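Computed from a predicted model, the values in this text were never measured in an experiment.
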Amino acid sequence: MNEHITTIASNLAEIVSVMISIFALVVSGINWTKDKSKEKMNLGINFDNDLLADTESKALFIKIHFINNSSISTTVYNLKILNEHKQPFNDYTENKYPNPIAQGDVIPLELKVRDFLDVPDYKTKVLPLNSCTLPLTIQPYSGFSGYFAFYFEGQDSNLMKYKSGNNLLIQTTQGNVLYPLDTSIRFYKVFKDLHLDIKPYTFYKKRRFITAKIKAIKDKIKGKRELF
């Protein structure tokens, strides 16, 4: 009788040991999945509606906000404004900046951020800031905000301040994003009795990224020309 009880207890101990091992494996699997999920890209993007244009520098200034809600760093290595057809505006033009740049490209220099139009009595607005250059690395669980200068010929930079329907191509080490440059302010309900006119962030996770390589942003895609 005692031997039978001992055998049952031994079997139960083995079953419990196996169950504990299985449970530990399941927990480890769940933790591994969570860690891998945190390592995936989760990039939040927003921008200020108050665009600035400097026709002398041929620059359109946009203040862009990034939030990296991921456990890995993300590097933004290219930004480019595309038209409503998600195509470049036109080919390269000769300009004073280093290396040929096309309309919509980020100007690779730190420029004084200002709103300037070369017409009589125009009230120039100058900010105590310089535009940012690329590449830009955003650390895990952190954010970045800054003005970026986009190149547009002649008076086009000023016209672009009021043009809707454009898109912003954001190329990162984790993938490419097409972000709509919608300058309309959304009516956003913060609390039950509190409403604010703000534009919430749009978050792009790995599954929402454009995985196909976009070849033509620098010199290969022949986009539709934009007429103003």
Is there a chain of hydrophobic side chains (I, L, V, M, F, W, Y, each step under 4.5 Å between heavy atoms) that links L109 to L129? yes
Look at the side-chain heavy atoms of Ile, Leu, Val, Met, Phe, Trp and Tyr, link any pair under 4.5 Å apart, and say whether F150 and L117 land in one connected group. no
Taking every non-hydrogen atom, the tightest pair across A149 and F61: CB-CE2, 3.6 Å
Keeping N130 on the side-chain end and E110 on the backbone end, is there a donor-acceptor pair under 3.5 Å? no
Any F116 side-chain heavy atom under 4.5 Å of S57 side chain: no
I'd like to know whether F89 forms a ring pair (Phe, Tyr, Trp, His ring centres under 6.0 Å) with F152, so could you lay out the CA-CA distance, the side-chain angles of the two residues, the decisive distance to 0.1 Å, and finally the verdict. CA-CA 9 Å; F89 283 89; F152 284 98; 5.4 Å; yes
So do I170 and Y204 actually touch side chain to side chain, heavy atoms under 4.5 Å? no
May I ask you to decide if I45's main-chain N or O and T202's side chain share a donor-acceptor pair within less than 3.5 Å? no
Beyond-backbone contact of H65 with I67, side-chain heavy atoms, under 4.5 angstrom: no
The reported gap from OG in S142 to CG in N69 (rounded to nearest 0.5 angstrom) is 10.0 Å
Under a 4.5 Å cut-off applied to non-hydrogen side-chain atoms, are I107 and F148 in contact? no
Quick one: pull up OH in Y179 and CG in N166 and give me the separation to the nearest 0.5 Å. 13.0 Å
Can you tell whether the side chains of K161 and D115 come within less than 4.0 Å, N to carboxylate O? yes
Could you walk me through whether K86 and L178 pass the side-chain contact (heavy atoms from CB on, under 4.5 Å) test, one step at a time? CA-CA 8 Å; K86 300 177 182 179; L178 277 176; 3.9 Å; yes
Non-hydrogen side-chain atoms of V126 and K112 separated by less than 4.5 Å: yes
Rounded distance (nearest 0.5 Å) linking atom CG of L79 with atom CG of L168: 5.5 Å
Kindly indicate whether the side chain of Q171, heavy atoms from C-beta on, has any atom under 4.5 Å from the side chain of V76. no
Check the pair L134 / Y77 against side-chain contact (heavy atoms from CB on, under 4.5 Å), numbers first and verdict last. CA-CA 6 Å; L134 299 174; Y77 62 87; 5.9 Å; no
Check against side-chain hydrogen bond (donor to acceptor under 3.5 Å, both in side chains), H85 and N167: CA-CA 9 Å; H85 305 292; N167 296 273; over 6 Å; no
How many angstroms lie between atom CZ of R114 and atom CG of D54, to the nearest 0.5 angstrom? 4.0 Å
Over all atoms of both residues, closest heavy-atom pair of I72 and P140: C-CG, 3.7 Å
Side-chain contact, heavy-atom cut-off 4.5 Å: T74 with F144? no
What are the two closest heavy atoms between Q139 and S73, and how far apart are they? OE1-CB, 4.1 Å
In plain terms, say whether D50 and K125 are close enough for a salt bridge, that is, a side-chain N and a carboxylate O under 4.0 Å apart. yes
How close do G146 and C132 get, heavy atom to heavy atom, and via which atoms? CA-SG, 3.8 Å
Sub-4.5 Å side-chain heavy-atom contact between L43 and Q174: no
